[in-house]
Amino acid sequence: MFLEFKNGVKSLLRGAVEAAGYEAEDLCLGMSAYADIASSVAFKLSSRYGEQPQIIATKIFKKIQIPKGSYVNKADVVGPYINFYVNRGFLEDTIKKISTEGENYGSLPKKDERIILEHTSVNPTGPLHVGRGRNPIIGDTLARILRRAGYEVDTQFYVNDMGRQIATIVWGYDKIDPNTLPKPARELGKPDHDVVRYYRRANELISEDPKVDIEVNGILAKYESGDPETIQIFKKVVENCMLGQRQTLERIDIYYDRFVWESQFVRDGSVGKILEKLKKTRYASLREGALTLDLREFGLEKDFVLTRSDGITLYTTRDIAYHLWKFDHADVVINVLGEDQKLAMSQLQTALKILGIEKEPKIVFYSFVSLPEGRMSTRDGIVVDLDDLLDEAFDRAYIEVQKRRPDLPENQKRKIAGIVGMGAVRFDTVKVAPEKMITFRWEEALDFEKQGAPFIQYAHARACSILSKASLEDFDPSLLKEPCEVELIKKMAFFPGIVASAAHDLKPNIVAIYARELAEKFNQFYLHIPVLKAEDDLRKARLALVECARIVLANVLNLLGIIAPESM
RNA sequence: GGGCCCGUGGCUUAGUCCGGAUAUAGCACCGGCCUUCUAAGUCGGUGGUCGGGGGUUCAAAUCCCCCCGGGUCCGCCA
């Protein structure tokens with residue numbers, strides 16, 4: 001809706017600029033606290049035409065003609081600025097559009113592009129910790145945004161099933177007596193918590209005893225040589241661990257369209273073919289038996305090492321094969337990755353270029369979540385498990401529900417606590433820009449105040465509460481004139497534009513911020529404007545407005561992968 | 001040492017790509033609002049050299065250069 005208004009302003013302003021005898025390619029339109037949209041074009045023209053900006057603004061203003069059927073109510077001049085305001089038609093059409101489109105409000109027209117979005121792709125060495133949790137939450141939110149923006153999205157989890165780390169775990173299962181290990185952090189059916197015990201202990205033993213290292217290498221060599229029994233064991237270990245990781249991800253409503261196993265690209269020979277091709281390029285050379293690419297020509301100082309001296313391929317090399325496969329199956333490739341992958345990714349992108357792939361993967365990098373005492377590490381056990389965070393979030397949410405709604409039946413209280421706890425964790429992760437570093441602190445992660453999901457969920461529950469006490473009828477949107485009502489409608493009108501820019505910039509935090517602002521506008525309306533106690537037609541119109549707010553709040557929460565509760 | 005990212009009130013953060021009108025919110029602190037649709041709410045107040053220094057511009061948190069602090073990576077880990 002807002003886009004239509006903006007386009008209307010654009011065309012009439014362009015007309016006015018020309019009628020006033022100026023030429024401007026950029027109309028300098030922007031958001032403003034003083035108007036619904038404002039132009040500072042007079043500044044730009046001032047230097048070119050040597051006139052005072054105020055005078056230019058006034059001249060342009062005098063030529064403004066608002067066409068019939070436009071969403072522009074009026075324009076005015078404040079100093080050098082030209083301001084524009086929406087009219088009643090804009091507000092009323094917004095309400096009508098939301099009412100008609102319902103849960104589809106905010107969905108953009110279908111696009112032809114097919115997207116493969118890879119996210120999470122954590123190593124199958126143990127449970128997800130809150131640092132790694134940032135990846136799936138950003139990734140899943142982006143998938144939801146892109147789907148709303150009209151793209152066909154295939155979400156993929158790339159399984160690192162053939163590394164040394166797996167060999168380490170396999171060694172551990174074979175050689176370590178489980179009775180000597182600490183109890184798993186989870187007793188019941190969480191295999192990832194079981195696996196990580198072996199992983200940690202095995203790593204300790206490796207650093208203590210070089211013989212262990214040699215044995216692990218032996219296992220890895222057996223695997224690489226294609227020994228069917230070893231391959232089976234690897235597969236079992238990986239599947240087992242991933243089962244536990246998926247259980248955790250299900251708790252925050254994250255699922256994948258496809259799991260892509262790294263080893264498949266080795267087995268089907270595609271990694272070998274890539275090596276052959278790259279070997280023939282002028283960038284390739286052998287250094288102490290290892291195949292490397294010299295990428296200085298592309299501005300990369302460091303050689304890209306493709307194989308170890310024993311000929312075994314490395315992670316990034318195999319990732320080239322995966323990317324070729326992705327570009328074969330999609331128009332756009334997006335990866336969500338930790339910032340430590342930046343160099344590897346630019347090497348990979350360059351290798352793709354050398355292999356003749358024109359397109360580049362778009363990459364969303366995020367910074368790490370560290371603990372006050374330092375960086376998280378699965379191997380060293382310096383972590384806060386995502387499972388624990390989710391449990392704690394549930395517990396704290398339950399306490400809040402108990403305090404506010406002691407009357408509710410137990411299963412209802414637990415249900416709300418689950419919805420609120422999970423929402424709080426997702427929102428907290430996605431509300432800040434991915435490139436910002438986060439220091440994890442329990443009090444901040446589990447803050448249920450205004451910056452968080454419960455604030456938005458609460459607004460939704462309030463809307464539902466009103467709607468449950470009345471039924472919707474035909475209404476006259478022209479009755480909605482209170483400033484609070486107008487503000488709310490304007491905010492709702494932004495939603496499709498928010499989807500568009502979040503999808504374009506791949507920035508989930510835009511949606512989170514919008515959600516908070518929308519909830520705030522609704523809460524202000526809720527407090528100041530009576531709905532059920534309003535009379536006749538006004539009541540009907542306000543009920544319709546509440547229904548619209550409920551729809552947009554539900555849609556935006558859905559975009560964030562957060563459940564919109566009807567009661568809390 | 002080099003590359004990339006971050007640095008905005010006591011803490012957390014928006015805005016930076018595409019320069020414009022009093023820099024956005026939350027937490028904390030101070031003071032109002034529940035006989036009125038769920039107060040997980042709402043209204044007001046205190047608090048900012050936008051890391052520092054130069055430069056470009058009519059105009060810089062935003063663009064350019066230098067420096068400082070933190071993160072991250074830098075050939076056989078993933």
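Below, all heavy atoms of this structure are taken into account, side chains as well, without hydrogens, waters or symmetry copies. Lettering follows sequence order; numbering is per chain, from 1.
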Classify the angle between the aromatic ring planes of [X] and [Y] as parallel (below 30°), tilted (30 to 60°) or perpendicular (above 60°).
| X | Y | result |
| --- | --- | --- |
| F440(A) | W442(A) | perpendicular |
| Y49(A) | Y22(A) | perpendicular |
| Y158(A) | Y322(A) | parallel |
| Y366(A) | F368(A) | perpendicular |

Between [X] and [N], is there a contact of a side-chain N or O with OP1 or OP2 at under 4.0 Å?
| X | N | result |
| --- | --- | --- |
| R308(A) | rG75(B) | no |
| R441(A) | rC27(B) | no |
| K436(A) | rA14(B) | yes |
| S465(A) | rU38(B) | yes |
| K469(A) | rU38(B) | yes |

As a test of reading the structure: which of [options] is closest to the side chain of [X], going by heavy atoms?
| X | options | answer |
| --- | --- | --- |
| S32(A) | rA78(B), rC76(B), rA21(B) | rA21(B) |
| D303(A) | rG75(B), rC74(B), rA78(B) | rG75(B) |
| V531(A) | rG26(B), rC37(B), rA78(B) | rC37(B) |
| M437(A) | rC5(B), rG70(B), rA78(B) | rG70(B) |
| E262(A) | rA14(B), rA78(B), rG75(B) | rA78(B) |
| R405(A) | rU38(B), rA21(B), rC74(B) | rU38(B) |
| K342(A) | rA78(B), rC5(B), rA25(B) | rC5(B) |

Can you tell whether the side chains of R200(A) and E204(A) come within less than 4.0 Å, N to carboxylate O? no
I'd like to know if E520(A) and K491(A) make a salt bridge, using a cut-off of under 4.0 Å between side-chain N and carboxylate O. no
Under a 3.5 Å cut-off for both distances, is [N] Watson-Crick or wobble paired, and to whom?
| N | value |
| --- | --- |
| rA21(B) | none |
| rU72(B) | rG3(B) |
| rC29(B) | rG45(B) |

Nearest-Å distance, [atom1] ([X]) to [atom2] ([N])?
| X | N | atom1 | atom2 | answer |
| --- | --- | --- | --- | --- |
| L543(A) | rC37(B) | CG | C1' | 10 Å |
| L220(A) | rC76(B) | CG | C1' | 13 Å |
| L293(A) | rC76(B) | CG | P | 15 Å |

Which part of the nucleic acid, if any, lies within contact of A470(A), taking any heavy atom under 4.0 Å across all strands shown: a base, the sugar-phosphate backbone alone, or nothing?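 Touches nothing.
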Where do N or O atoms of nucleotides 41-46 of chain B meet protein N or O atoms at under 3.5 Å, pair by pair?
from, atom 1, to, atom 2, distance (Å)
rG41(B), O3', N523(A), ND2, 3.3
rG41(B), O2', R462(A), NH1, 2.7
rG41(B), O2', R462(A), NH2, 3.3
rC43(B), OP1, Q524(A), NE2, 2.8

Any pair with a residue in residues 455-473 of chain A that passes salt bridge (charged side-chain N to carboxylate O under 4.0 Å, His left out), sequence neighbours left out, goes on the list, sorted by first then second residue, please.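 Passing the test, one end in residues 455-473 of chain A: E473(A)-K540(A).
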For rG31(B), does the O4'-C1'-N9-C4 (purine) or O4'-C1'-N1-C2 (pyrimidine) torsion place it in syn, i.e. within 90° of 0, or in anti? anti
Can you see whether K436(A) engages N509(A) through a side-chain donor-acceptor pair at a distance of less than 3.5 angstrom? no
